Visitor: 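Quick one: the structure is below, questions incoming.
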Amino acid sequence: MTNEVALSIRDLHKSYGRHHVLKGVSLELPKGQTLALLGRNGAGKTTLIKSIVGLLKPDQGAIRVCNLDPQSNAVELRRHIGYLAEDQQMFGWMTVEQLIRFVGAFYRDWDHALAAQYLQQLQLEPDKKIKQLSKGNAIRLGLLLALAHRPEVVILDDPALALDPIMRKEFNRDLVAHLQDIGSTILYSSHLLAEVEPVADCIAILHEGKIARYATTNKLREDVKRMVFPTEYASEVLAQFPIIQFQNHGRDASVVVEDAPAATCILQEWEVPYQTVDLNLDEIFEAYVTDRMDSIPTMNTAG
Amino acid sequence: MFIRIEKGAAVPISRQIAEQIRAQCLAGQLEPGARLPSVRQLAHELAVNQNTILRVYERLAAENLLEMRHGEGTFVSASLPLHELATQKMKFAEEITRLIRQGFMLGFSRGDLRTMIDDALDSPETKTSSAGVRYD
């Protein structure tokens with residue numbers, strides 16, 4: 001693993017009219033890593049992705065993909081990235097083979113042998129009409145088209161959304177077997193958190209136009225935990241460390257903490273009886289993107 | 001080597017894989033010296049990131065359960081750390097004690113608990129995979 005950066009984003013802002021979608025997004029993705037971008041609908045995932053591939057001009061901030069600026073080096077950038085859009089439109093009347101040849105003509109580095117190899121590995125029938133493809137196969141064709149020029153960085157906007165559970169697993173296997181295997185850098189957005197965990201090296205949670213958390217998948221699971229303790233300790237304890245969720249269950253209170261090892265130290269020091277509960281990725285995501293802060297008892301929550 | 005991954009579980013996938021390989025080594029289902037699938041093979045098979053598999057192998061190698069030989073592959077250690085098995089068995093015994101204490105707190109009698117354990121022993125859900133079942 002190298003420390004070379006494949007993608008860097010600094011303080012990115014983008015508004016549509018008065019709607020401020022991206023409010024200062026910063027990210028850095030090392031070469032060869034797979035980043036899953038998570039966020040609710042409207043969080044700004046597609047806006048961020050379109051800015052990265054040069055389809056949208058940000059209002060402020062800097063983007064470098066393979067050391068290129070997507071705005072000033074748009075054409076050059078095309079050779080280095082593969083992009084699969086959320087709503088990929090393809091010519092339905094063409095056959096698979098015709099479309100591959102058509103798209104390939106736009107790329108100087110198109111590898112016909114590789115395209116033929118993917119065609120076989122992804123089990124696509126060359127003579128089939130595009131409009132007759134199943135959703136799964138349409139996405140596989142989209143992947144092929146995004147990959148046959150051997151891009152260094154692959155960007156996929158919610159590729160697994162339309163897939164059934166079996167095809168999602170197949171898609172994950174395609175990512176692992178065809179992309180991670182050759183060291184590609186991958187950024188993909190998804191809603192399917194259980195599908196993301198097995199594949200992603202790191203996870204970025206985009207919430208209300210900002211990155212709420214960016215960490216390796218492992219670190220996220222080690223750091224973000226639920227801690228349960230008697231409610232009577234709530235007001236003194238909560239001032240001690242940052243929490244992203246607080247729920248009052250009556251006798252017990254539970255918090256979701258961002259840094260479980262640090263919180264554990266404090267609770268032990270204060271001799272608070274507590275329990276730690278591991279969270280799955282769904283629960284971690286929910287804690288970051290929903291506002292669940294019950295009021296804290298025995299303390300005035302003014303302001 | 002059969003490994004089952006429960007997606008979306010609170011137990012991280014790396015831990016799920018590590019625990020299953022560890023258990024199979026210690027139970028003798030994977031024999032000392034046996035070759036494990038390569039990182040790449042297992043990653044493809046389970047549709048899991050190669051780095052995750054690599055970290056699992058490295059962790060188990062650090063526990064002396066596996067041996068990673070450069071250029072040759074990964075093998076079940078020829079000299080398994082049997083104290084590890086003893087530790088696991090001890091943990092299991094502690095777990096049973098804890099469960100029984102919890103059972104008493106919930107108001108079950110000794111007889112209730114015995115019946116429950118017998119039922120669990122006969123339940124098809126507690127059967128381990130065929131390779132591990134010993135009929136006596």
Side-chain angles (χ1 to χ4, degrees), chain A residues 1 30 32-36 121 160 163 165-184 186 188 190-203 215-226 256 276-286, chain B residues 1-24 36-63 66 68 70-71 73-74 91 94-95 97-99 101-103 105-107:
Chain A
M1 234 186 292
Q33 298 275 294
T34 299
L35 165 67
Q121 283 171 346
L163 303 181
I166 305 293
M167 289 194 290
R168 282 175 203 161
K169 184 154 188 194
E170 283 304 309
F171 175 77
N172 271 355
R173 186 166 286 131
D174 290 343
L175 280 187
V176 170
H178 299 308
L179 292 177
Q180 293 182 345
D181 212 34
I182 55 167
S184 306
I186 308 167
Y188 76 114
S190 184
H191 278 107
L192 306 160
L193 306 191
E195 302 296 330
V196 158
E197 194 199 346
V199 174
D201 290 294
C202 41
I203 289 176
T216 65
T217 312
N218 260 357
K219 181 114 177 86
L220 196 65
R221 307 259 337 216
E222 279 164 23
D223 277 3
V224 185
K225 299 215 166 161
R226 184 182 299 283
V256 175
T276 308
V277 184
D278 285 341
L279 298 178
N280 67 26
L281 201 51
D282 259 313
E283 295 167 303
I284 292 173
F285 178 70
E286 189 193 333
Chain B
M1 187 169 66
F2 173 74
I3 291 184
R4 178 182 172 275
I5 290 177
E6 190 185 338
K7 274 193 246 175
V11 181
I13 280 166
S14 56
R15 211 192 299 162
Q16 292 183 34
I17 300 172
E19 276 167 8
Q20 289 178 55
I21 297 179
R22 188 184 293 122
Q24 289 185 32
L36 267 70
S38 71
V39 169
R40 189 160 168 260
Q41 275 171 349
L42 190 58
H44 289 198
E45 191 186 315
L46 301 176
V48 165
N49 192 316
Q50 288 191 23
N51 295 329
T52 306
I53 306 290
L54 181 63
R55 271 197 307 269
V56 168
Y57 278 10
E58 283 172 347
R59 192 198 309 171
L60 295 175
E63 291 175 20
L66 300 182
M68 297 177 86
H70 198 73
T74 304
K91 269 195 201 153
E94 283 168 11
E95 189 71 2
T97 314
R98 195 187 60 76
L99 269 178
R101 199 187 315 134
Q102 207 177 344
M105 279 163 64
L106 289 169

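A note on names: the letters A, B, ... follow the listed sequences, proteins ahead of strands, and every chain is numbered from 1. For clarity, every value in this text was computed on a predicted model and none was experimentally measured.
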Visitor: State, to 0.1 Å, how close A47(B) and K169(A) come at their nearest heavy-atom pair, and which atoms those are.
Guide: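 Taking A47(B) first and K169(A) second, the nearest heavy atoms are CB-O, 4.1 Å.
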Visitor: For H178(A), enumerate each residue passing the ring-ring contact (aromatic ring centres under 6.0 Å, His included) test, keeping only those at least two apart in sequence or located in another chain.
Guide: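 Testing H178(A) for ring-ring contact (aromatic ring centres under 6.0 Å, His included), a comparison that skips the adjacent residues, returns Y118(A).
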Visitor: Of the listed residues (D282(A), V196(A), D278(A), V176(A)), which shares the most heavy-atom pairs with chain B below a 4.5 Å separation?
Guide: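 Looking at each option in turn, the highest pair count goes to V176(A).
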Visitor: Is a side-chain donor or acceptor of R40(B) paired with a backbone partner of A177(A) at a separation under 3.5 angstrom?
Guide: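 The answer is no, because no donor-acceptor pair under 3.5 Å joins these two groups.
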Visitor: Could you tell me whether the side chain of K7(B) reaches within less than 4.5 Å of the side chain of E197(A), counting heavy atoms only?
Guide: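 E197(A) vs K7(B): side chains apart.
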Visitor: What residue, out of A43(B), S14(B), A9(B), has the most heavy-atom pairs lying under 4.5 Å from chain A?
Guide: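 Highest number of heavy-atom pairs under 4.5 Å: A9(B).
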Visitor: I'd like to know whether CD1 of I182(A) has more than 12 heavy-atom contacts from other residues, nucleotides or ligands below 6.0 angstrom.
Guide: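 Atom CD1 in I182(A) is packed in, count exceeds 12.
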Visitor: Under 4.5 Å from any heavy atom of chain B, what part of N218(A) do you find: side chain, backbone, both or neither?
Guide: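 Side chain only.
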Visitor: Check each atom of L279(A) against the heavy atoms of chain B and say whether the ones under 4.5 Å are side chain, backbone, both or neither.
Guide: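 Just the backbone, heavy atoms under 4.5 Å.
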Visitor: Looking at chain B, which one of L193(A), D201(A), N172(A) has the largest number of heavy-atom pairs inside 4.5 Å, strictly under?
Guide: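 When all of L193(A), D201(A), N172(A) are compared, D201(A) has the most.
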Visitor: At a heavy-atom distance under 4.5 Å, which candidate from V199(A), I284(A), L281(A), D181(A) has the highest pair count against chain B?
Guide: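 Ranked by contacts with chain B, first place is D181(A).
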Visitor: Apply side chain to side chain donor-acceptor pair (under 3.5 Å) to R226(A) and list each qualifying residue two or more places apart in sequence or on a separate chain.
Guide: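 For R226(A), the residues satisfying side chain to side chain donor-acceptor pair (under 3.5 Å) (neighbours in sequence not counted) are Q245(A), Q247(A), S254(A).
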Visitor: Identify which part of I5(B) has an atom lying under 4.5 Å from any heavy atom of chain A, answering side chain, backbone, both or neither.
Guide: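 Looking at I5(B), nothing touches chain A.
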Visitor: Roughly how far apart are T217(A) OG1 and I13(B) CD1, rounded to 0.5 Å?
Guide: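 Going from the OG1 atom of T217(A) to the CD1 atom of I13(B) covers 9.5 Å.
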Visitor: Are the side chains of Q180(A) and N51(B) in contact, using a 4.5 Å heavy-atom criterion?
Guide: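 No - every pair of side-chain heavy atoms lies 4.5 Å or more apart.
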